[in-house]
2 protein chains.
Amino acid sequence: MTAPVRRAGVPEATVGRLPLYLRALTALLDQGITSISSEELATLAGVRSAQVRKDLSHLGSYGVRGVGYDSEQLSAQISQELGLTQEWPVAIVGMGNLGRALAAYGGFTGRGFRIVALVDDDPEVVGTVVEGLTVTTLTALGTSGTAVAIGVITTPAPAAQTVAEQLVLLGVRSILNFAPGHLVLPDGVDVRGVDLATELQILAFHEQRRLLAISTHDPLVADVDAGPDCDLGRGALG
Amino acid sequence: MTAPVRRAGVPEATVGRLPLYLRALTALLDQGITSISSEELATLAGVRSAQVRKDLSHLGSYGVRGVGYDSEQLSAQISQELGLTQEWPVAIVGMGNLGRALAAYGGFTGRGFRIVALVDDDPEVVGTVVEGLTVTTLTALGTSGTAVAIGVITTPAPAAQTVAEQLVLLGVRSILNFAPGHLVLPDGVDVRGVDLATELQILAFHEQRRLLAISTHDPLVADVDAGPDCDLGRGALG
DNA sequence: ACCTGTGAACAGCTTCACAGCG
DNA sequence: CGCTGTGAAGCTGTTCACAGGT
């Protein structure tokens with residue numbers, strides 16, 4: 001095993017696919033499969049094999065020519081790259097249906113994340129126990145001294161901007177925002193947004209194109225879907 | 001008003017941003033603002049102004065030089081482009097926490113989408129009324145003859161593939177998958193995936209980079225965040 | 001024979017900079 | 001003058017095709 005020489009920067013697009021590979025590898029390890037080729041991994045992740053090789057080459061050379069990759073070693077390598085060898089403390093703000101759904105989702109714990117706080121501002125909800133954690137307020141969270149690395153916002157849209165600013169004041173620099181709208185925050189704060197409406201609208205666009213293509217009998221316009229499969233993220237939550 | 005000459009194809013990246021513009025425009029119209037420049041729209045959507053102009057140019061020339069865009073006309077144009085002038089029937093499969101959260105989210109109705117069916121396979125849940133709709137099974141949905149254009153999968157991961165295949169058999173060709181893992185479906189079916197774990201892992205990657213940059217006092221590695229703001233999708237759900 | 005790792009070609013997207021028009 | 005619309009430049013990401021190992 002050679003020294004893991006850290007390359008300069010892993011491309012953003014590659015970072016977005018590492019979780020896919022990691023999930024596939026985890027499933028394989030559960031089945032006791034210890035070796036995998038780029039072709040097989042590509043099938044499981046829904047990308048092309050050349051893409052897998054290029055992506056993994058950015059982490060260093062951990063494959064064996066003529067054989068493939070060692071599942072366990074590769075899994076460990078990707079985990080380290082993604083920073084999952086430590087546990088990041090996560091706070092969920094907004095205990096509506098969605099917040100509860102995320103709190104109940106077990107996929108975090110032991111996989112690099114731990115929910116350390118559930119937050120709401122409704123006096124009816126604050127103090128109640130959800131999934132073993134007592135719901136608190138943002139101000140109480142601030143004075144408690146609990147460290148939070150990642151904030152998940154599941155509040156109604158109007159509250160999101162204020163909540164985000166308060167999270168930043170608490171030292172949070174990574175935010176996952178489920179509320180619609182663009183958050184304006186200081187440089188250095190990383191925001192990712194997930195929006196149901198946006199996703200549906202993109203699907204509607206393609207759906208409409210398909211219908212138009214059929215009604216005009218124009219087969220050329222029918223190649224609406226991208227490549228082998230069209231995905232950006234993955235799905236979670238039972 | 002000139003004839004709306006349909007350009008060949010709107011780039012996929014542009015399609016992904018049209019919902020952002022539409023949301024911003026909707027907010028502006030609520031405030032009674034009837035005109036907007038690319039600069040302002042860019043700020044609201046969290047992109048650059050040149051990007052806005054390039055994107056909108058793909059829909060045709062609806063701006064006025066020296067002035068800007070007419071909010072209402074632009075909103076209507078984007079809505080039409082995204083296929084929101086009709087109502088797409090949506091079925092949500094999986095009535096767990098997340099499925100209920102999505103069912104309760106009002107942002108669909110009247111905005112291009114209508115939830116026509118809630119589906120689960122648990123006999124305890126089937127037949128109960130959620131948000132005014134009686135929960136049904138996939139097979140019952142099939143025999144009912146209810147048309148479904150878009151299927152939203154909020155089941156546990158192991159059920160997702162089978163559910164997706166059944167949806168396709170019902171004629172669904174657009175699927176929004178919240179379950180983790182890659183769905184293998186026939187060509188022509190459009191799948192979009194949303195996964196909490198993936199999003200968190202991407203945030204963890206950047207968070208780790210930041211910490212490494214600080215600990216090694218290397219300011220060059222600190223420019224972790226992309227451009228003005230780092231977003232792919234938007235957020236919804238109270 | 002097989003599969004990885006990678007330079008090179010290619011495709012798509014973003015940003016620039018300015019011409020064109022109100 | 002102000003702002004749109006757009007060719008051109010530059011950049012990022014993907015795919016190809018094959019050299020390099022085992």
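Residue numbers begin at 1 in each chain, while the letters A, B, ... track the order of the sequences.
Residues B/L56 and B/Y21 are in side-chain contact: their nearest non-hydrogen atoms beyond the backbone lie under 4.5 Å apart. The closest side-chain heavy-atom distance from B/L176 to A/L196 is below 4.5 Å. Using a 4.5 Å cut-off on side-chain heavy atoms (C-beta onward), B/L82 and B/L22 make contact. Counting only heavy atoms from C-beta outward, the side chains of A/S75 and A/L29 approach each other to under 4.5 Å. Looking only at side-chain heavy atoms (C-beta outward), B/V64 and B/D70 stay at 4.5 Å or farther from each other.
The shortest distance between the side-chain N/O atoms of A/S38 and the OP1/OP2 oxygens of C/dC3 is not below 4.0 Å. Contact check, A/Q51 against D/dT15: a side-chain N or O comes under 4.0 Å of OP1 or OP2. Here A/Y62 does not reach the OP1 or OP2 of C/dC3: none of its side-chain N or O atoms lies under 4.0 Å away. Close to D/dC3, at under 4.0 Å from its OP1 or OP2, lies no side-chain N or O of B/S37.
Both B/K54 and A/K54 lie close to DNA chain D; mapped to their nearest nucleotides by heavy-atom distance, the more 5′-ward contact belongs to B/K54.
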Show each protein N/O and nucleotides 20-22 of chain C N/O combination with a separation under 3.5 Å, one pair to a line.
{"from": "C/dG20", "atom 1": "N3", "to": "B/R65", "atom 2": "NH1", "distance (Å)": "3.2"}

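Atoms CG (B/L59) and P (D/dG5) sit 10 Å apart, rounded to a whole Å. Protein atom CZ of A/R17 is 15 Å distant from nucleotide atom P of D/dT12, rounded to whole Å. Across the protein-nucleic acid pair, A/L74 atom CG and C/dT4 atom P stand 11 Å apart, rounded to whole Å. In this structure, B/L41 places its CG atom 20 Å from P of D/dG2, rounding to the nearest Å. In this structure, the CD atom of B/E12 is 14 Å from the P atom of D/dT14, given to the nearest Å. The CZ atom of A/R53 sits 18 Å away from the P atom of C/dA8 (whole-angstrom rounding). Rounded to whole Å, the distance from CD on B/E39 to C1' on C/dC16 is 14 Å. The distance from atom CD of B/Q77 to atom P of D/dG5 is 12 Å, rounded to the nearest whole Å.
Comparing D/dG13, C/dG5, D/dT4 by their closest approach to the side chain of A/P11 singles out D/dG13.
Heavy atoms of other residues, nucleotides or ligands lying less than 6.0 angstrom from CD of B/E72 number 12 at most.
With hydrogens and angles ignored, the 3.5 Å screen pairs no side-chain donor or acceptor of B/Q208 with any backbone N or O of B/F205.
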